[in-house]
Amino acid sequence: MMDGDANRNFITDIINGHNESGRFDGRVHTRFPPEPNGYLHIGHAKSICLNFGLAAQYGGLCNLRFDDTNPAKEEQEYIDAITEDVRWLGYDWDDRLYFASDYFDELYEMALELVRIGRAYVDELSPEAIREYRGTLTEAGRESPYRNRPIEENLALFEKMRAGGFKEGEAVLRAKIDMANGNINLRDPVMYRILDAAHPRTGGKWKIYPMYDFAHGQSDSIEGITHSICTLEYEDHRPLYDWYLDNIEIFHPQQIEFARLNLSHTVLSKRKLIRLVQEGFVSGWDDPRMPTISGLRRRGYTPEAIREFCDDIGVGKVKGVVALHKLEFHQRQHLNKTADRVMAVINPLKVVIENYPDDLVEQMEAVNNPEDESAGTRLTPFSKVLYIERDDFMEAPPRKFYRLAPGREVRLRYAYFITCREVIKDENGEIIELRCEYDPATRGGSAPDGRRVKSTLHWVSARHAIEAEARLYDNLFTVENPEGDRDHDFTAFINPDSLNVVNPIYVEPHLRGARPGQRYQFERLAYFVVDEDSTADKQVFNRTVTLRDQWRKERKKAGKPRRKRRRKGAASR
RNA sequence: AGGGAAGUAGCUCAAUCGGCAGAGCAGGUGCCUUUGGAGCACAAGGUUAAAGGUUCGAGUCCUUUCUUCCCUGCCA
């Protein structure tokens, strides 16, 4: 992953160019600049990995800076959550935690300087009038009648703004650039506006607050940022970013724009995520179905997998949609190497081993993680009455169904070969129990005579199993692009089966005492994480991601989709 | 009187100075297996948005066209 060319992209090309020309003396210093007005999501992870990754790649630094210039929207709660999320993703900013609000004094001085040199003025046009004067995409704007007042008057008025002499909306400070410019950001952009709101950090000290454009570049400059990486929608802002820095005459970082992440089967805009929470489609920002960092964390996703994903999707200027499959792929890849295996039955079918002694209990040795020898082994109890997965038995098996069927022999993992002798049904014809026969010579799972079986089933001992709750999560949306339909709101595509609670499921006793956050593979089913809702009496397991399921594909190919009835509460998918 | 940007395999990205268009994922086929997982092998997938030009040679340079996206907050 770290070998030379792997991390090459258009941004490293730019950085390499700077290093050759000596523009930043070989320095690389980036920053991740969230606004504390919401929770971080997987799209932010891309930016975090990019900024911190680039710094690491070049032996540079990356700051965490909160862009807190709009107290009307920002809260301490978000600052805390964002800080936690970035740290959880595995990144460290040492002592370089900054806030744009740290620079309010300096920013004010810079604004004053622009007023003094005649490049900024106080405008008393109403917000509506300013909009009207700005012109349109195809027509030039007109100059404000206040545009050419004397410098001394602007100085006095700006002071009056600072001192609270104006109400919200009565006056703004504007840069004097070009009302006819094709780039609307250059038509005398607002630098400062009056906001009557308490700031989480500066309290009531300020009545005026800098706009993003006036704060961001200068904050970058103050921190010595060399490469200010942002998303594509800021391309039109770069000329303004440059204008402020050039006219204030301070250190000039390079703004670089990349395409933000779009993920299939989900939404990533803050506005839409808020609606999912507020309208009750999910339980909160950390609902395991949410694409937020906190949601992914609770779902069982690992920082390593998210970082690998970000590394894999790369960075460019082309807007595209990344398949959710890709995130899942990386998650399986990481959990496959690290998660302990355990046996759990989600949709139980009772199996009685007729020729097994009634009271005998044998402890079977099971491998915790075949990918990691150091994970060791455990003992798991075997007895006469077991549960297997209902899906692992078919009375009339189709071709390529290798699992248990009448008269067929299969292996119970780490235990014995068993053969199904009898199928017991209730009055409705529903299968309620299987009577089987085991071969004592096959203890541990292999036959001395060398005979083989085509499949291996997971199981739990009915007497010893712990009852737990499973929350089976699936995509929140049923379509790739929930926002792509003109006639329907994105909420119309919410997957009604995105959460399927199964209670109880049966897990092997080894799981007793597993703590929230611990991850396991339920063999042949999926990866699960212990949820924070777990109690001493009942553990809750969130399904992170299923295992790939070849049999499901076979079924699909055979054109025999499973019936709705059987799906309910079923283990697969 | 509009400005800015992007088009390479289904998806995400490569392709050095202009020199045989590649990889990962997905999908396909097969092998193997005490997870039908993991793993392995193989095949397939392309008029590089289009047209024209320069050149021995163009994804790359030039011209034109087409398509898509962003921009008219006192949000970021």
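What you are looking at is a predicted structure, and each value in this text was computed from that prediction instead of being measured. As a basis for the values below, the full set of heavy atoms in this structure was taken, side chains included, without hydrogen atoms, waters or symmetry mates. Residue numbers start from 1 in every chain, and the chains themselves are labelled A, B, ... in the order their sequence lines are given, proteins ahead of strands.
- Each of B/G37, B/U72, B/A1 was ranked by its minimum atom distance to the side chain of A/Thr136; first place goes to B/U72.
- When the side-chain nitrogen and oxygen atoms of A/Arg238 are compared with OP1 and OP2 of B/G3, none of them lie within a distance under 4.0 Å.
- Counting non-hydrogen atoms under 4.0 angstrom, A/His237 reaches a base of the nucleic acid.
- Residue A/Phe401 places its side chain closer to B/G36 than to any other of B/A5, B/G36, B/C70.
- One donor-acceptor pair, N or O on each side, does fall under 3.5 Å between the base of B/G36 and the side chain of A/Arg403.
- Taking 3.5 Å as the limit, the base of B/G3 and the side chain of A/Asp236 contain a donor-acceptor pair of atoms between them.
- At the phosphate of B/U72, neither OP1 nor OP2 sits under 4.0 Å from any side-chain N or O atom of A/Arg187.
- For the pair A/Arg193 and B/C75, the criterion of a side-chain N or O lying under 4.0 Å from OP1 or OP2 is met.
- A sub-4.0 Å separation between OP1 or OP2 of B/U33 and a side-chain N or O of A/Arg411 is absent.
- The base of B/U35 is paired with the side chain of A/Gln521 by a donor and an acceptor separated by under 3.5 Å.
- Listed nucleotides B/U35, B/A1, B/C74 differ in distance to A/Arg341; the shortest reach to its side chain belongs to B/U35.
- A/Arg174 comes within 4.0 angstrom of no nucleic acid atom, judged by non-hydrogen atoms across all strands.
- For the C1' atoms, the distance from B/U72 to B/G2 is 11 Å, rounded to whole Å.
- Neither OP1 nor OP2 of B/A38 sits under 4.0 Å from any side-chain N or O of A/Arg524.
- Here the side chain of A/Arg8 is nearest to one of B/A76, B/A14, B/A15, namely B/A15.
- Looking at every heavy atom in both residues, A/Arg201 comes nearest to A/Asp68 through CD-OD2, 3.7 Å.
- Checking the phosphate oxygens (OP1, OP2) of B/A76, a side-chain nitrogen or oxygen of A/Thr69 falls inside 4.0 Å.
- Among the duplex regions that RNA chain B forms, those built from at least three successive Watson-Crick or G-U pairs under 3.5 Å are B:2-7 with B:66-71, B:10-13 with B:22-25, B:28-31 with B:39-42, B:49-53 with B:61-65, ordered by first number.
- Under the 3.5 Å distance criterion, with hydrogens and angles disregarded, no donor-acceptor pair is assigned to the side chains of A/Asp188 and A/Tyr133.
- Side-chain atoms of A/Val322 lie closest to B/U12 of the nucleotides B/U12, B/G37, B/G4.
- Salt bridge present: A/Glu235 and A/Lys317 bring a charged side-chain N and a carboxylate O closer than 4.0 Å.
- In this structure, A/Leu232 reaches neither bases nor backbone, as no heavy-atom distance under 4.0 Å exists between it and the strands shown.
- For A/Tyr402, the listed nucleotide lying nearest its side chain is B/G36; candidates were B/G36, B/G7, B/G24.
- Non-hydrogen atoms lying under 4.0 Å from RNA chain B are contributed by A/Pro370, A/Glu371, all within residues 362-378 of chain A.
- Residue A/Asp312 has its side chain nearest to B/G24 when only B/A76, B/G24, B/C74 are considered.
- Backbone-only contact: A/Glu35 has heavy atoms under 4.0 Å from sugar-phosphate atoms and none from a base.
- For A/Lys317, the listed nucleotide lying nearest its side chain is B/A6; candidates were B/A6, B/A26, B/G24.
- With distances taken from any side-chain atom of A/Lys73 to the nucleotides B/C75, B/C74, B/U12, the minimum falls on B/C75.
- A/Leu195 comes within 4.0 angstrom of nothing in the nucleic acid, heavy atoms only.
- Atom CG of A/Asp196 is surrounded by 12 or fewer heavy atoms from other residues, nucleotides or ligands within 6.0 Å.
- Comparing B/C13 with B/A51, their C1' atoms are spaced 28 Å from each other, to the whole Å.
- Nucleic acid contact for A/Leu412: none, since no nucleic acid atom lies under 4.0 Å from a heavy atom of the residue.
- Counting atom types as modelled, A/Arg131 pairs no side-chain N or O with a base atom of B/U72 as donor and acceptor under 3.5 Å.
- For A/Ile184, taking side-chain heavy atoms from C-beta onward, the closest of the listed nucleotides B/G73, B/C71, B/G37 is B/C71.
- A ring-ring contact (aromatic ring centres under 6.0 Å, His included) with A/Tyr108 holds for exactly one of A/Tyr103, A/Tyr209, A/Phe158, A/Phe214; it is A/Phe158.
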